[in-house]
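This report refers to the structure that appears directly beneath it.
Numbered from 1 within each chain, the chains take letters A, B, ... in sequence-line order. Both backbone and side-chain heavy atoms feed into the values below; hydrogens, waters and symmetry mates do not.
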Amino acid sequence: MTKEVIVRFPPSPTGYLHIGGARTAIFNWLFAQKTGGKLILRIEDTDVERSTEESIDGIIESLKWLGITWDEGPYFQSHFIKEHQAAAQKLLESGHAYKCFCTKETLDIKREEALKKKGSLHYDGTCRNLTPEEVSAKEAEGIPYTIRLKVPRVEGSVCFKDIVYGFIEKKYEDIDDFVIVRSNGQPLYILSNTVDDIRDRITHVLRGQDGLVNTPKQILLYKALGAPIPEFAHMSLTLDPQKAKISKRTHGELVAVHFYREHGFLPWALVNFLVRLGWSTPDSRDIFTKEELIEAFSLEGVNRANSVFNVNKNDPKFFTDPKALSINSHYIRNIPVEELEPYVRAELEKAGIWNPEFESARRDWYLATIDLIRSRYHVTTEFATLGRAYFSDEYQIEEKALEKNILKHDGLKNWFSILADRLESIESFSIEETENVIRDMAEELDIKAGILINGIRAAVTGQTVGPGLFDILIAIGQKRVVERLRKAVSFFD
RNA sequence: GUCCCCAUCGUCUAGCCUGGUCCAGGACACCGGCCUUUCACGCCGGCAACAGGGGUUCAAAUCCCCUUGGGGACGCCA
């Protein structure tokens, strides 16, 4: 009988959700989905100084946006402080922990000295062997104390098999008598986290590789507490191009999940990109639907080497990792238009050019237009910027379009008027008819059709690039095309 | 400084466990071509890597050791 898998994602609410955290959440979520297990969301808010309500909301919102679903929670670590303290008390009573009366100041001094002597930074164990009398005496004096775990001081080591890193061994002598309760009575992360994982019956701890060194300590806690030890799987870290761990502090918004939302990423595209950072299948496949990903997911595909989130600030062409952008544009041009539409709508609303008719009378037109222009876009925001002329009559003519495709040909001043008249008189405004009119006119004038075609494109969309002109004309519509052409004559003034 | 982890194209990676099929495969980016009224899409092609050195072996990207490089941790943060 294999027991049900229970994993957890335990963010600390000290800021927005960043892509490293999101990646951890995604792996946990995928593992739960894959195994039919449960994912618990636990907010580790025991650092009262830095935890904020705003951050909690932001993290939850980002998770929801990404499409990560959890089965239990959010639980709040701060609600269980009594339990953590009780565990510490139990450890004290069972002799697994001891009270340490050293002050922070003396410890700091000792640490500095150790640093100078280039030795180990571990606690020297001053209070480890205090007699019960000495302890009582210090307590009677009212000296505040921390509680430290008593790490075995014999030959030996803590061993465990990490699912991704394999066999890991850590000698007792390399493990510090770490503090589990502060002198003000507040339990520390290492204790709270372990106690919570025990209570929540966590079977697999999937976290970043930065938690690898904590694992032996936590295993010691599990043992001292008499609890079953879960499986551990550590994942490689995400680094920046300078190979430094990505962080909110040094990278700011660029690594925030909400930044990608605001910059036109489809949530699934971000998930898809993030999951491929440090994880792969034997065929190096890049694109997965949600179902395919869950099906393909395996902890065995997790890479032990850290990966680089290839984002270069100030890159004129890519505002983020080019691969992330390419995956996003892949989805933009390949998912069913109906699925893409809500994101386009959000952008149009944000730009103030949403028209309610797009979801009623003109819905077919709206969907067809999205479909017509989407292959050129990398982010959804572009529907409202580069695609503005399709949805709104107020759009800018790009300088380049004006120069190169309009002003360069003086004749266009007259031709636009004639073209407007002729296009206006077409009875069935179709691709074939418009093309006939325009090509006939080019022939009549004995000029290359491209001059007319590019000129018209510039006039009606404001751009030098875009779909085939005749498709554009149908998308913009007869009336608006005629209006725009007549208006374009004034560019020559 | 101490402890731990890691090392294949610029980036994400396959291959490594179970040596030979790998003068190393895919993707992104880049370059060229086709398509074409422009741009994009699409298609075709190109550039580009086993960190270095020792072993082991008939044979090593694959196994072992060392060096170098990178990362992480070393907190009364989480």
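Nucleotide B:C28 holds its C1' atom 5 Å from the NZ atom of A:K323, rounded to whole Å. Per the geometry, CG belonging to A:N454 stands 9 Å off P belonging to B:C39, to the nearest Å. With rounding to whole Å, A:N310 atom CG is found 13 Å from B:C9 atom P. Atom CG in A:N328 sits roughly 13 Å away from atom P in B:A29 (whole-Å rounding). As rounded to whole Å, 15 Å separates atom C1' of B:C3 from atom CZ of A:F178. Straight-line distance from the CG atom of A:D371 to the P atom of B:G42: 14 Å, rounded to whole Å. As rounded to whole Å, 11 Å separates atom P of B:U13 from atom CG of A:L239. A:L325 has its CG atom 13 Å from the P atom of B:C28, to the nearest Å.
Taking CG of A:N193 as the reference point, atom OG of A:S12 lies at 11.0 Å (rounded to 0.5 Å). How far CZ of A:F160 is from OG1 of A:T215: 4.5 Å, rounded to the nearest 0.5 Å.
The residue A:Q186 sits apart from the nucleic acid: no heavy atom pair falls under 4.0 Å. Contacts of A:L469 with the nucleic acid, taken as non-hydrogen atoms under 4.0 Å apart, include base atoms. Using a 4.0 Å heavy-atom criterion, one finds that A:P10 contacts no nucleic acid atom at all. Using a 4.0 Å heavy-atom cutoff across all strands shown, A:K243 reaches sugar-phosphate atoms only and no base atom. Using a 4.0 Å heavy-atom distance criterion, A:G468 is classed as a base contact. Among the protein residues, A:T146 comes within range of the nucleic acid bases, having at least one heavy atom under 4.0 Å from a base atom. If you check every strand for non-hydrogen atoms under 4.0 Å, A:A305 touches sugar and phosphate atoms only. At the heavy-atom level, A:N303 lies under 4.0 Å from the strands shown only through sugar-phosphate atoms. A:F318 comes within 4.0 angstrom of the backbone, heavy atoms only, and of no base. Nucleic acid contact for A:S307: sugar-phosphate only, since backbone atoms but no base atoms lie under 4.0 Å from a heavy atom of the residue. Residue contacts shown for A:K245 are limited to sugar-phosphate atoms, with no base heavy atom under 4.0 Å away. As judged by a 4.0 angstrom heavy-atom cut-off over every strand, A:T464 is placed among the base-contacting residues.
Rounded to whole Å, the separation between the C1' atoms of B:G26 and B:A49 comes to 14 Å. The same atom, C1', is picked in B:C5 and in B:C41; the two are 43 Å apart, to the nearest Å. Taking the C1' atoms as reference points, B:A27 lies 24 Å from B:G70, given to the whole Å. On the C1' atoms, B:U11 is 33 Å away from B:G55, given to the nearest whole Å. Across B:C9 and B:G1, the matching P atoms stand 27 Å from one another, rounded to whole Å. B:U18 and B:G54 have their P atoms separated by 26 Å, with the value rounded to a whole Å. Distance check on atom P: B:C64 versus B:C28 gives 34 Å, rounded to whole Å. Here, B:C76 and B:G71 have their C1' atoms 27 Å apart, quoted to the whole Å.
Across all strands shown, B:U2 pairs with B:A73; the Watson-Crick or G-U wobble distances both stay below 3.5 Å. When Watson-Crick and G-U wobble pairs are counted only if both distances are under 3.5 Å, B:C34 pairs with B:G42. Under the Watson-Crick and G-U wobble criteria, each requiring two contacts below 3.5 Å, nucleotide B:A24 is left unpaired. Shown here, B:C63 forms a base pair with B:G55; the pair counts as Watson-Crick or G-U wobble because both key distances fall under 3.5 Å. Across every strand in view, B:A14 sits unpaired, with no contact that passes the Watson-Crick or G-U test at under 3.5 angstrom.
At distances below 3.5 Å, at least one donor-acceptor pair connects side-chain atoms of A:D321 with backbone N or O atoms of A:N310.
A donor-acceptor contact under 3.5 Å is formed by the side chain of A:S375 with the base of B:A40. Contact of A:S284 with B:G25 (side chain to base): a donor-acceptor pair of N or O atoms is detected under 3.5 Å. Between the base of B:C39 and the side chain of A:R376 there is a donor-acceptor pair shorter than 3.5 Å. Applying the 3.5 Å distance criterion, the base of B:C77 shares a donor-acceptor pair with the side chain of A:R50.
Side-chain atoms of A:L277 lie closest to B:C12 of the nucleotides B:C6, B:C12, B:C77. Picking from B:G71, B:C77, B:C76 the nucleotide with the shortest atom distance to the side chain of A:D47 gives B:C77. Set against B:G26, B:C76, B:C3, the side chain of A:D174 has B:C3 as its closest nucleotide. In this structure, the nucleotide among B:A29, B:G72, B:C4 sitting nearest to the side chain of A:P322 is B:A29.
With hydrogens and angles left out, the side-chain atoms of A:K104 and A:S183 include no donor and acceptor closer than 3.5 Å.
Note on A:R276: every side-chain N or O is 4.0 Å or more away from OP1 and OP2 of B:U11. The phosphate of B:A40 has neither OP1 nor OP2 within less than 4.0 Å of any side-chain N or O from A:R457. Phosphate proximity of B:A78 to A:T46: present, with a side-chain N or O under 4.0 Å from OP1 or OP2. Of the side-chain N and O atoms in A:R182, one or more sit less than 4.0 angstrom from OP1 or OP2 of B:C77.
Using bins of under 30°, 30° to 60° and over 60° for the plane-to-plane angle, the ring pair A:F80/A:Y75 lands in the perpendicular bin. The aromatic rings of A:F232 and A:H234 sit parallel to each other, their planes meeting at less than 30°, with 60° as the upper class boundary.
Annotation: A:E403, atom CD; neighbour count of heavy atoms from other residues, nucleotides and ligands within 6.0 Å is above 12. Surrounding CD of A:E169 are more than 12 heavy atoms belonging to other residues, nucleotides or ligands, all under 6.0 Å away.
Nearest heavy-atom pair, A:K99 versus A:C127, reported as atom, atom and distance to 0.1 Å: O-CB, 3.6 Å.
Legend: residues meeting ring pair (Phe, Tyr, Trp, His ring centres under 6.0 Å) with A:Y189, ordered by chain and number and at least two apart, are absent.
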Exercise for the section: Quick one: do A:I332 and A:H378 satisfy side-chain contact (heavy atoms from CB on, under 4.5 Å)? Show the steps, please. Expected result: CA-CA 7 Å; A:I332 285 178; A:H378 296 94; 5.8 Å; no
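Nearest-nucleotide assignment on RNA chain B puts the 5′-proximal partner with A:D321, out of A:D321 and A:F470. Position along RNA chain B of the nearest nucleotide to A:E44 versus A:G450 favours A:G450 as the more 5'-ward residue.
With respect to the salt-bridge test (charged N to carboxylate O, under 4.0 angstrom), the residues A:D124 and A:K110 qualify.
Near RNA chain B, defined here as any heavy-atom distance below 4.0 Å, there are no residues from residues 80-91 of chain A.
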